[in-house]
Structures are given as C-alpha cells and as structure tokens.
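Reading through the structure tokens given below for one structure.
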There are 2 protein chains.
Amino acid sequence: MLDERKAEILRAVVEEYIDTAQPVGSSRLVQTGGLQVSPATVRNELSVLEREGYLIQPHTSAGRVPTEKGYRFFVDQLTPKGTLQPVQRQAVLDFFSRTHGELEQMLHATSRLLSGLTDYAAVVISPPHEAATVRAIQLVGLAPRFVLVVAVLSNGVVEKRSLELTGDAEEHSLNAASNHLAAHLVGRPLGAAGKLPSCGDPDLDAIVETALTALHHGHDDEPDHVFVGGASRMVAAFDAVDTVRQVLSILEQQYVVVTLLKDVLDRGLSVAIGSEVGHESLAECSVVVAPYEVEGEAAGTIGVVGPTRMKYPQALAAVALVSQRLGRRLSES
Amino acid sequence: MLDERKAEILRAVVEEYIDTAQPVGSSRLVQTGGLQVSPATVRNELSVLEREGYLIQPHTSAGRVPTEKGYRFFVDQLTPKGTLQPVQRQAVLDFFSRTHGELEQMLHATSRLLSGLTDYAAVVISPPHEAATVRAIQLVGLAPRFVLVVAVLSNGVVEKRSLELTGDAEEHSLNAASNHLAAHLVGRPLGAAGKLPSCGDPDLDAIVETALTALHHGHDDEPDHVFVGGASRMVAAFDAVDTVRQVLSILEQQYVVVTLLKDVLDRGLSVAIGSEVGHESLAECSVVVAPYEVEGEAAGTIGVVGPTRMKYPQALAAVALVSQRLGRRLSES
DNA sequence: GTTGGCAGTCGGTAGGATTGAGTGCCAGAC
DNA sequence: GTCTGGCACTCAATCCTACCGACTGCCAAC
C-alpha cells in the first residue's frame with residue numbers, strides 16, 4: 001500500500017495527465033499540485049511509484065504517465081465522490097422531468113444526454129426481455145403470406161418480427177391465432193412459453209408455432225436494444241487516426257458493445273481500464289458502467305466509453321446520477 | 001464544352017486524384033493515363049482546364065486537383081455506367097435473397113451492406129408514413145395512467161407512442177378506445193384522420209384524442225426512421241481530425257441527414273458534390289442518393305456519404321443496384 | 001528523510017540547404 | 001496551327017544539424 005504522500009503525488013500525476021495529456025514531471029507537480037516538498041523529493045517518490053508499477057516513463061528524459069495500475073488506484077482510492085457540476089446535475093434533473101414519449105426514444109435521448117455530460121460516447125442498454133411479461137400480442141397481415149407479429153411487453157418494449165407463412169392466411173385465422181397466443185402468453189414472460197397447447201386447428205397451430213419461433217429467434221440475433229450516442233466525441237480523445245477508426249468500428253457493432261458492458265458488470269466492476277475492458281481495439285479506452293433499476297429490479301445498463309485518461313470522477317458521477325434517475329423515471333411509468 | 005482530348009485529360013486527372021489523393025501533374029498523366037501526347041501538350045491543356053475552372057493548383061509548383069466543377073463534369077459526362085465488381089453484385093443479390101425478418105432490421109442491415117460495398121457511410125431512410133395506411137392499432141396499458149399506442153402500418157412500420165392519461169383507464173375502456181380508433185383508422189393513412197367522430201362517451205373521446213395527438217406529434221420530431229451504417233469508414237477518408245469530427249457529428253443527427261438527402265433528391269440530383277450538399281460541415285463531402293420504389297411508388301431513399309474524391313462510378317452503381325433490389329424485395333412482402 | 005546542485009539524456013523545434021515534382025513559356029519541327 | 005523538347009523558375013517537402021529545454025538520477029550536505 002502507498003503511504004499518504006505517495007498517494008497524493010500519484011493523484012496529482014493522474015489528474016495533471018488527464019488534464020493535459022502530457023507526461024508530467026516533478027517540478028510541474030510541485031508548481032500546480034500544491035505539494036509542500038521540493039522537486040527532488042517528488043522525484044524520489046516518483047521513482048518509487050514507477051518501480052511499483054503505478055507510473056511509467058515514455059522515454060528517459062520525459063515526465064511520468066500513469067499505468068493502468070495507476071489509474072486503477074486512482075479510481076479505487078483517490079476519486080472524490082459526487083463531483084458533478086451543479087449545472088450539469090440540474091440538466092439531468094430537467095431532462096428526466098421534461099422527457100416523455102416512447103421508451104426507445106427516451107433511451108436514445110438518454111444516451112445523448114450522458115454523452116453530452118461526459119463528452120465521451122455513451123451507451124444505454126434497454127431492459128432485457130426475459131424479465132418482462134407480455135401485455136399484448138397480435139398478428140397483423142401485411143401481404144398475402146406475410147404477417148407481422150407484434151408483442152408489447154410490460155417494460156414498454158415493443159417486439160416485432162415478420163413471418164412468411166407457407167400458405168395464405170385469412171383475416172379471421174390471424175385473429176384466431178392472435179387470440180390463442182394472447183390467451184397463453186399475456187402476463188407471462190416471452191421466454192417462458194416453450195410450446196403452446198394445440199387449439200385444435202392444425203393450420204392455426206402452424207401459424208402460432210411460426211410466430212413463437214420468430215419471437216424466440218430474435219433473442220439470439222439482437223439480444224437487447226442498445227443506443228450509442230456521441231460516438232463522434234471520441235474523435236477528439238485520440239490523436240492516432242487509426243485508433244479512432246477501430247474504436248468507432250467497435251461502437252458500431254451493437255452486439256459487441258452489449259457483451260462488453262455486461263461482461264464488465266458481471267465482473268463486479270463499475271470501471272474497466274484499458275486491457276480490463278477485454279477488447280484489443282479498446283486497449284486505450286476505459287469504460288464506466290452502472291446498472292439501472294426499475295421498481296427495485298436490475299433492468300438495463302448504461303455506460304460511458306472514453307480514453308483511459310478519462311475524467312473518472314465526472315464520468316462516475318454522471319453515470320451514477322443518470323442511472324439512478326433513469327431507473328426512477330422508468331419506475332413511474 | 002470541352003473537346004475530346006480535354007475531356008480525356010480531365011477524366012484522367014480525376015481518376016488519378018481519386019485514387020491517390022495527390023495533386024497530379026502532366027508527366028504522371030502521360031505515364032499512367034495512356035495519353036498519346038507529350039507532357040508539354042498536356043500542360044497546355046491543363047492550363048486551359050484550370051482557366052475554365054475544372055482544375056485548380058494547390059500551389060504554384062504542384063500538380064492539379066479537380067474542382068467541384070471538375071467532379072461535376074466527370075460525374076455527368078465521363079462516368080462509365082455499371083461498374084460494380086461481379087463479386088459485389090453477387091453479394092447484393094445474395095443479401096436480398098437471404099435476408100428476412102422485420103422491416104427496420106432489414107433496412108439497418110441494408111445500410112451496413114451499402115457501406116460495405118462502397119467503403120463510405122451509408123444512409124437508408126424508411127418509407128414515409130404518409131403514404132402507408134393503418135393495418136392495426138391498439139392501446140395497451142402499461143401502468144396506471146400510462147398507455148402505449150401501437151399502430152402497424154401497411155408498409156411494415158410499427159409506430160408507437162406512450163401516453164400519460166389524466167385519469168386511470170380500465171382495461172375495457174382501453175379496448176373500447178382501441179376499437180373506436182381501429183374502426184375509423186384502419187385502411188386509411190395515419191395523417192388523414194384529423195378528428196374522429198365522438199363515440200358518445202366523453203372519457204373515451206379524451207383517450208382517443210390523446211392517442212391521435214401523440215401519433216401526429218411524432219411526425220414532427222422524427223419524421224422518418226433513418227439508419228446510418230459504417231460511419232467509422234469516413235475516418236479513413238480524411239486526414240484532418242477536425243473534419244472527421246464534424247462529419248461524424250452530422251451523421252449522428254438523424255434529422256439533418258434525412259433533410260439533406262431529401263433536399264438533394266428534390267433538386268433532381270443523384271449526386272451532390274461538396275458545396276452542392278448544402279451543409280458547411282460537409283463541404284469536403286459528396287452524397288450519392290437514389291429513391292427506392294415499392295410496388296411502383298416512390299417509397300424511401302438510400303444514399304452514400306463520402307469524401308468529394310469519392311469513387312463515383314462504384315458508388316453510383318452500388319446505390320443504384322441496392323435501391324433497385326431493396327425496392328423489389330420490399331414489394332414482395 | 002529532505003534538499004539543492006549537477007551532469008546526462010533525449011524529444012522537439014528552428015533554421016538552412018537540398019531535392020524534386022511541377023509549371024510556364026518559347027523557339028523550332030511537323 | 002499544333003505539337004514538342006528544352007529551359008528557367010517556383011515552392012512544398014525532406015533532411016540535417018544544432019540547440020533548447022524538460023526531464024531524470026545521483027550525490028553530498030543539511
């Protein structure tokens with residue numbers, strides 16, 4: 001463990017580096033960091049911190065840069081809580097009191113909000129389907145043989161899949177099938193229903209079967225809806241064009257993003273730094289995540305993706321506040 | 001108008017510049033462009049082309065770069081038709097024969113396809129709502145006072161809005177209101193219904209009224225659904241980081257993108273070059289657009305956004321093929 | 001344990017010469 | 001008239017070199 005002064009110096013280095021993106025040296029630390037010792041003393045401490053793996057020198061005659069271990073210590077031990085500008089805090093409150101409309105739209109707007117607060121890319125994952133129960137389900141014919149099955153879930157998500165039937169279906173068969181589905185699914189989670197009891201008519205059973213398969217099938221392809229906002233803000237965070245391309249490319253792959261955030265959360269982390277993120281292309285990125293709860297139950301996940309030299313205190317505070325308010329807002333409706 | 005040799009030289013300059021992003025000079029043109037004259041002759045022609053505004057010199061001792069006028073001439077007069085690699089052509093055909101599932105999902109996948117074909121960002125705009133008629137409409141209660149109105153349109157789009165009622169609504173009131181809405185809206189376009197005749201019960205009328213307002217309201221906020229794919233590919237196209245940021249930022253603003261493409265199409269263009277795009281941040285971009293038709297009717301729009309030094313022949317061919325096949329595929333279902 | 005001093009390292013920058021890709025123009029050939 | 005080779009000229013890019021300055025590590029003194 002680090003003694004108090006070393007910790008203080010480490011904090012100063014991390015904060016300065018996050019601010020300036022320049023390796024920071026001993027004299028600069030004494031000037032701006034408010035330390036009561038001489039640069040020489042700081043140098044000795046820096047050299048110890050480097051030996052212990054918290055800092056690294058890009059080259060001999062340069063200042064120090066935090067390692068992942070350094071950031072980790074900073075985040076775990078040195079990050080002051082609750083550092084969100086009052087203005088920003090108010091912006092969040094305003095947003096959630098003002099916002100209205102459909103769930104997906106709200107989540108999308110939330111991702112933009114979070115991105116705006118932090119200046120990094122923000123990710124909002126919708127509540128998973130498993131937990132939600134079916135509120136309504138209906139088959140709608142679009143063209144001969146083509147049918148859309150629409151299910152409204154209790155969390156406000158609307159699931160839809162299009163089906164191609166083997167034969168034409170008349171209006172009343174669709175209605176009958178809808179009713180059959182509704183009778184057995186409403187009030188239950190979508191995933192629960194394996195196979196429904198026959199309703200007597202083999203044609204109807206076929207339609208019902210097809211619809212169920214389609215609804216389940218979607219679960220694998222695109223497990224949860226995800227909204228990524230402010231990806232363009234990542235551009236400013238890196239100077240290597242190639243890094244930017246890789247990061248943006250990852251953010252476009254919704255499935256990867258979802259897996260990523262959930263993995264981090266599963267490991268019990270709220271911050272993943274650099275290689276902890278577990279994705280080569282995001283080696284220079286950190287991720288801040290938080291679950292949000294609807295009516296006391298873990299619902300979805302929100303997060304922020306930024307450079308490893310992220311403004312952790314602000315990002316943590318923003319993510320915490322938004323997740324809390326989003327959960328509260330969703331619990332109301 | 002340009003004589004044949006000037007046109008040939010202009011074509012060679014544009015093609016070379018698109019390929020290399022370097023100003024191209026007379027000797028290089030003679031070497032790679034297959035011209036049967038000496039560099040000196042080419043120089044004379046180049047100087048005329050510059051005087052007429054088709055080319056420009058970045059500085060005195062540099063080669064020439066096409067101006068917007070130069071690109072325009074190239075696109076209008078010099079672009080060979082139908083230059084899509086057989087492999088790519090096959091990829092498109094495969095995609096549309098293989099793809100299935102729900103409309104939005106398909107459009108999203110289409111944007112990724114088009115982006116993959118061209119290596120630029122691709123935009124797919126869903127068919128507008130105005131033309132589509134309502135196939136089904138239903139109110140679903142989510143929580144006391146909170147109701148979701150779901151409308152399925154004939155083009156496969158599912159519209160949904162959440163409502164907050166002034167008082168609690170019981171299951172059977174919602175059903176009654178749903179039936180009332182369905183009775184008057186099914187078979188008609190969503191926009192058509194101004195006000196429905198009263199159904200006698202003022203409470204029901206209030207619910208119906210709220211639902212209609214919500215459905216119409218959405219029209220302004222988010223006129224059409226739009227899917228942007230492959231925005232990360234734009235990163236490679238520019239070297240100025242700031243340009244990249246601006247372009248990506250535009251692409252994130254769905255409303256702006258939709259307006260942009262529609263504007264271009266309204267002006268009767270299929271290609272907008274640089275300032276023709278009509279957006280300052282996209283001054284270094286070109287846009288290739290095409291409408292797609294479902295059952296003979298103009299439905300939506302697809303497009304590609306890339307740098308002004310875009311591979312126009314390929315982009316045009318890709319957009320044309322994809323729009324045609326997308327329209328055909330949607331006409332089937 | 002702390003400090004000031006000092007030698008040493010090395011990236012970044014500024015100045016200056018050089019290179020080379022390119023042009024314009026002109027005089028002569030076809 | 002049109003094309004061409006030749007020549008003088010321009011100017012960004014490149015490469016050197018020297019220098020500067022921001023660092024460090026180490027040591028001796030406090």
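- Remark: A:Arg5 does not engage A:Glu8 in a salt bridge, criterion side-chain N to carboxylate O under 4.0 Å.
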Q: For B:Gln314 and B:Thr83, run side-chain hydrogen bond (donor to acceptor under 3.5 Å, both in side chains): C-alpha distance rounded to whole Å, both residues' side-chain angles, the deciding distance at 0.1 Å, then the answer.
A: CA-CA 6 Å; B:Gln314 284 88 323; B:Thr83 44; 4.7 Å; no

Q: If a protein heavy atom is under 4.0 Å from the base, mark B; if only from the sugar-phosphate, S; if neither, -; do that for nucleotides 12-30 of chain C going 5' to 3'.
A: ---------BSBB------

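- Per the geometry, CG belonging to A:Leu49 stands 12 Å off P belonging to D:dT24, to the nearest Å.
- Remark: P of D:dC23 and CG of A:Leu55 are 14 Å apart, rounded to the nearest angstrom.
- Rounding to whole angstrom units, CG of residue B:Leu35 and C1' of D:dC3 are separated by 14 Å.
- By the 30° and 60° cut-offs, the orientation of the rings of B:Tyr71 relative to B:Tyr312 is tilted.
- Dashed line: the shortest gap from a side-chain N or O of A:Arg5 to OP1 or OP2 of C:dT2 is under 4.0 Å.
- Ion pairing of B:Glu15 with B:Arg11 is present here, as a side-chain N (NZ or NE/NH1/NH2) and a carboxylate O approach within less than 4.0 Å.
- Atom-to-atom, CG of B:Leu29 to P of D:dT4 comes out at 14 Å; the value is rounded to the nearest Å.
- Between B:Asp3 atom CG and D:dC3 atom C1' there is a gap of 14 Å when expressed in whole angstrom units.
- Test B:Asp242, B:Val235, B:Thr243, B:Val241 against A:Val235 for side-chain contact (heavy atoms from CB on, under 4.5 Å) and you get one pass: B:Val241.
- Going from atom CD of B:Glu45 over to atom C1' of D:dG1 covers 13 Å, rounded to whole Å.
- No side-chain N or O of B:Thr308 forms a donor-acceptor pair with one of B:Glu68 less than 3.5 Å apart.
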